[in-house]
2 protein chains.
Amino acid sequence: MTELRADARRNLERVLDAAADVFAASGPDASIDEIARHAGVGHGTVFRRFPTKDDLMYAVVERRVAQMRAVAREALAADDPGEAFFDFVHRVAELNMRTPGLHRCIVHCGDKPGAADLERLVGKIVSRAQRAGAVRRDVKPADVRALVRSALTSAPPGQWRRYLEVVLDGLRA
Amino acid sequence: MTELRADARRNLERVLDAAADVFAASGPDASIDEIARHAGVGHGTVFRRFPTKDDLMYAVVERRVAQMRAVAREALAADDPGEAFFDFVHRVAELNMRTPGLHRCIVHCGDKPGAADLERLVGKIVSRAQRAGAVRRDVKPADVRALVRSALTSAPPGQWRRYLEVVLDGLRA
DNA sequence: CCTGAAACGGACTGATGAGTCCGCTTACGT
DNA sequence: ACGTAAGCGGACTCATCAGTCCGTTTCAGG
């Protein structure tokens, strides 16, 4: 069952690549038809591998979530908890704002794929920074995520760094 | 032409009231059919008065924008510029968060209706507060609006006051 | 080769929602 | 009261998009 025919595997890759491109460009509203066209296959082919549009989106989003987990693990290994936290936020923001459409897909997915793990890591980063007195104590990790995310998505193109600084200033103890 | 027949005027009011209710409950995605049903008229009747859905939404949004203008004028009349600014933001937030759906409509409208005027008033409030040293100088009125708005819309139900405080802290000089 | 299973792709369905049209109804001036 | 224009409402069109189905094509093992 894991053994796909050669053409099938090729098409599967094409679909995933196309989906990454199109979702990155148009966000979660991208249509399956457009992705299929971009991949050079019929949309029936897409649906055979991914029964629903969300399934396809999760597959694309998963890669990004994995990257973020890696960044989070690095932050936990760093020495200064406060610096680690702010650096982590900056790096994740940088990662996501390179493809704002994909970022909106992550939001749309409600963090379904490998989110629990990432959530746990972020929780550690935040509470460590709070214990070190670098971050105000009346916020939870979910609050940090929501606030940062909203600053990023509401900023006009090219302005998100400034907006992020404002929110991060507000988060300092 | 401005003289509507009595039944027409009655229906127009019903439509506007229904639209206010439904948009407040469901945001900009509310369908014309639902509004018409809620008003007890056919949807043809709605379209006769408001050629497009956006026209109807603007009409509803206009009322709220007028309220905000009034609050802004009060703020400009206050003595302490810094206090006036933060108080203004709080009051506008309070106003909008009582009907989050309508708030989303305002966002959707991109501030089309009477926004220029409101924009101008807010500009004065902000720069006055900046001159008084209460607000950081590297933000423009549009930034304030975007940041506050994003904090409000991204907060979980009941949490928006906390989120607003974080952003306002970030905006202080 | 040659055959059968796997894969393909596009026609089709079904749902939704904006906006149009027109035959019927109703207000209101005379 | 009555004629008519304003008003009504819902059936209809049109577009979009997710998801299904099935006749045809293509791969791969013997």
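Letters go in sequence order (proteins before strands), and every chain restarts at 1.
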Enter the distance from A:Asp21:CG to A:Glu34:CD here, rounded to the nearest 0.5 Å. 10.5 Å
Can you measure B:Asp33 atom CG to C:dG17 atom P for me and round it to whole angstrom units? 8 Å
Nearest nucleotide by nearest heavy atom, which residue falls closer to the 5' end of DNA chain C, A:Gly44 or B:Arg10? A:Gly44
Here's a test of your reading of the structure: between B:Phe47 and A:Thr45, which maps to the more 5' nucleotide of DNA chain C? A:Thr45
Between P of C:dA6 and CG of A:Leu12, the distance in whole Å: 17 Å
Nearest whole Å is fine: how far is C:dA18 P from B:Phe50 CZ? 15 Å
If I take atom NE2 in residue B:His43 and atom P in nucleotide D:dG9, what distance separates them, rounded to the nearest angstrom? 11 Å
Could you check whether B:Asp117 pairs with B:Arg120 (Lys NZ or Arg NE/NH1/NH2 to Asp/Glu carboxylate O, under 4.0 Å)? yes
Pair B:Lys140 + B:Asp143, salt bridge at N-O below 4.0 Å: yes
Check whether A:Phe86 forms a cation-pi arrangement with A:Arg172 (NZ or CZ under 6.0 Å from the six-membered ring centre, at most 45° off the ring normal). yes
Residue B:Ser31, side-chain atoms from C-beta onward, closest of C:dG9, C:dT20, C:dG17: C:dG17
Rounded to whole Å, the CZ-P distance (A:Arg48 to D:dT26) equals 14 Å
Nearest to the side chain of A:Ile32 - C:dT20, D:dA18, C:dA7? D:dA18
Taking for each residue the nucleotide of DNA chain D bearing the nearest heavy atom, is the 5' side occupied by A:Ala6 or by A:Asp54? A:Asp54
Out of D:dT26, D:dA18, D:dG7, which nucleotide sits closest to the side chain of A:Lys53? D:dA18
A:Glu3 CD to C:dA5 P, in whole Å, measures 18 Å
Tell me the interatomic distance from A:Asn11, atom CG, to D:dT26, atom C1', rounded to whole angstroms. 11 Å
A:Met57 atom CE is separated from D:dA18 atom P, nearest whole Å, by 11 Å
Has the side chain of A:Arg5 got a donor or acceptor that lies under 3.5 Å from a partner of the other kind on the base of C:dA7? no
Closest listed nucleotide, where the reference is the side chain of B:Thr52 and the choices are D:dA18, C:dG19, D:dG9: C:dG19
Remember a base hit wins even if backbone is also touched, and classify B:Arg49 as base, sugar-phosphate or nothing at under 4.0 Å, heavy atoms. sugar-phosphate
For a quick check under 3.5 Å, do B:Arg64 and B:Thr99 share a side-chain donor-acceptor pair by atom type? yes
